[in-house]
Amino acid sequence: MQELLERKKGLRRSILIVDDDYIAREILGKMLKDQYEVSYAENGVVALDIIKRDKLKLSLVILDLHMPELDGYSLLKLLRSDNELRRIPVIVLTSEKGAEVESLKIGAADFITKPFDMPQVICARVGRSIELAEDSVIIHETERDELTGLFHKEFFFQYGKRLDELNNNMPMDAVVIDINRFHVVNELYGRSYGNLVLKKIGESLHELVSETGGLACRRDNDQFCVYLPHSDELKLKLPQYIAVIDKRINDSNISLRFGVYSDDGSEQCMEHRFDYARLACQKLRNSYVSCFDFYNDEQHSKELYAERLINDMDKALSEKQFKVYYQPKYSIRGDRPQLFSAEALIRWFHPEFGMISPGQFISLFEENGLIQKLDQFVWNEAAVQIKLWKDIYGIHIPVSVNVSRVDMFNAHLADILENIAKQNGLDNTMLLLEITETAYTDDSDQIIEAVKKLRKCGFRIEMDDFGSGYSSLNMLTSLPIDALKLDMKFIRGICESEKNERLVGIMIDIARLLEVPVIAEGVETKEQMELLKKLGCDIIQGYYFSKPLPPEEFGALVEKELKETNYAYN
Ligand code: C2E
Ligand code: CA
Ligand code: CA
């Protein structure tokens with residue numbers, strides 16, 4: 001580039017005249033040699049040797065079309081298809097009109113007709129061709145990445161947008177390519193090896209876009225973008241493209257990941273298409289084989305929503321957007337059902353999304369540990385509430401709280417719960433802990449140890465969602481629990497088939513064997529309630545009695561039950 005700029009400043013350029021006609025060579029040479037360094041070749045083969053040798057210093061080739069050995073057409077084609085020689089402009093010498101068009105088509109910069117025009121005309125044509133070519137090299141070099149020859153990011157997006165405009169926003173697919181652990185490749189094998197890999201990817205992408213149309217760029221250090229005319233078959237074609245690139249790199253230690261946004265007709269702009277493709281690419285983990293994934297709109301909205309909930313959680317806690325609801329549990333052992341206890345269930349009143357049920361955020365918060373903070377908030381609220389009801393109604397109403405499996409790995413769990421009880425002047429037996437069965441089966445040893453510790457402190461444990469996990473009978477008999485809570489799905493079908501009824505019967509028998517009470521939740525009808533009573537179930541929770549209620553409404557329920565002396569616990 002430096003060299004080119006200097007030449008532009010006034011150095012003498014070199015020209016090669018290729019013609020088998022000695023006289024023609026001499027005439028042209030005479031016309032040009034005052035201004036240019038001129039060399040000569042009498043046929044295509046000799047010319048090619050000189051061009052290869054002097055490729056850096058040659059500014060122009062003047063080429064006769066009809067020559068023995070290698071003719072002008074063939075030489076021109078050869079030069080145009082060679083990456084390094086392509087930049088040298090060629091002016092064609094011809095005496096036939098038709099040949100002019102033909103040679104311009106295969107890439108000649110201009111033509112000079114025989115017999116020759118006035119020298120000034122020829123000098124002007126030569127000068128203009130050289131200048132145009134040099135300008136285009138300068139432009140080419142600033143818009144392209146030196147190593148791979150692909151566009152720089154800015155030009156890529158500029159040309160891409162122009163392509164969209166010219167093609168009337170024809171559907172285009174966006175592909176983002178990343179090299180897995182590229183820094184490791186650089187560290188282990190050296191930068192020059194890393195550069196070689198980048199170069200090979202560049203070559204493959206050049207080839208790809210010259211076959212399919214479109215544009216390619218090197219976006220960042222090890223990231224590439226390809227903008228392709230949309231294909232419905234991209235999912236099928238991509239593995240082939242990937243195989244070609246892998247083969248060219250030919251190193252099993254190097255793998256690529258491809259994120260794709262396939263045009264779905266939603267008329268996204270080019271930048272958005274690449275944002276989405278990048279998201280798809282980022283989600284692919286470092287894998288040891290090259291792989292790809294397509295951006296999916298629905299999945300993306302879900303992820304955005306989830307991310308929003310995670311971001312909003314802290315603020316929601318401090319702004320009291322979370323409310324604890326209470327659902328009553330009734331004992332059905334006696335003649336008539338009696339209020340026995342309650343389960344604390346969290347609700348989120350989000351300023352934008354309205355009421356969000358825990359099903360939407362509990363597992364999300366379990367994934368990142370946020371659940372611990374939320375659960376502690378609920379335990380505390382529940383303890384405060386038990387104390388408040390005691391103050392108002394003079395009775396203790398035990399409350400079950402949900403304890404996530406994540407909490408079970410907190411070494412301070414027992415201390416935290418004890419502290420909460422103590423601060424509210426409560427006996428530890430007032431807070432019942434619901435732990436889902438699957439937690440026991442996933443990490444049994446650790447969970448069992450944690451549960452033993454909690455029970456030692458006086459907390460009572462209810463195994464939640466019993467029947468949804470895979471506890472073996474053998475394991476169950478050694479489990480430290482105080483109640484079994486049947487999974488709701490068994491209650492749902494209990495009146496529909498005898499088989500379901502028998503299944504619930506068996507689970508109640510297991511509880512008998514373990515000598516613990518049975519709780520059935522999700523009980524919605526009188527029929528279900530009566531059947532459960534017949535089967536020997538002890539406690540019922542469900543819409544049949546009440547939905548989960550805000551504390552004030554739960555208070556009103558307590559008041560009513562007290563009046564009717566329907567309260568089982570003192
Ligand atoms: P879960 O512990 O099994 O709670 C029972 C769920 O069943 C609650 O859903 C309750 O509202 C619902 N339910 C109660 N009676 C009926 C009924 O008769 N019919 C039907 N169809 N459903 C009934 P909710 O409140 O949406 O909670 C869903 C799950 O979220 C809970 O299932 C629990 O696993 C979790 N969860 C709720 N609050 C907390 C919390 O504070 N901490 C933790 N870690 N998890 C919680
Ligand atoms: Ca529960
Ligand atoms: Ca449950």
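Along the sequence shown, the residues carry numbers beginning at 1. These numbers come from a predicted model, not from an experiment. We count ligands from 1, going down the list as the structure has it; atoms in each ligand are counted the same way.
- Ion pairing between a basic and an acidic side chain is recognised when a charged N comes within 4.0 Å of a carboxylate O; K283 and D293 show no such pairing.
- With salt bridges taken as basic N to acidic carboxylate O contacts below 4.0 Å, none links K489 and D465.
- Formation of a donor-acceptor pair under 3.5 Å by the R455 side chain with backbone atoms of R460 is not found in this model.
- Taking the six-membered ring where tryptophan is involved, the planes of F365 and F361 are tilted, since the angle between them lies from 30° to 60°.
- Distance check: I540 CD1 to K329 NZ gives 12.0 Å after rounding to the nearest 0.5 Å.
- Residue side and main chain included, N402 places an N/O/S atom under 3.0 Å of the Ca ion (ligand 2).
- Around the Ca ion (ligand 3), protein N, O or S atoms at a distance under 3.0 Å total 3; waters are neither shown nor counted.
- Looking only at N/O/S atoms, E343 comes nearest to the Ca ion (ligand 2) through OE2.
- Here the two rings, on Y305 and F353, have centers that are under 6.0 Å apart.
- In summary, K161 and E271 engage in a salt bridge, as defined by a charged side-chain N under 4.0 Å from a carboxylate O.
- Within 4.0 Å of ligand 1, contacts by protein heavy atoms are made from Q327, E343, L345, I346, R347, P358, I362, I371, D375, V378, N402, S404, D464, D465, M488, E521, G522, V523, E524, G542, Y543, P548.
- Aromatic ring orientation, Y276 versus Y261: tilted (interplanar angle from 30° to 60°).
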Determine whether F274 and F157 satisfy the following criterion, ring pair (Phe, Tyr, Trp, His ring centres under 6.0 Å), listing intermediate values before the conclusion. CA-CA 10 Å; F274 278 96; F157 280 99; 5.7 Å; yes

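- Between D538 and R512 there is a salt bridge, since at least one side-chain N of the basic residue sits less than 4.0 Å from a carboxylate O of the acidic one.
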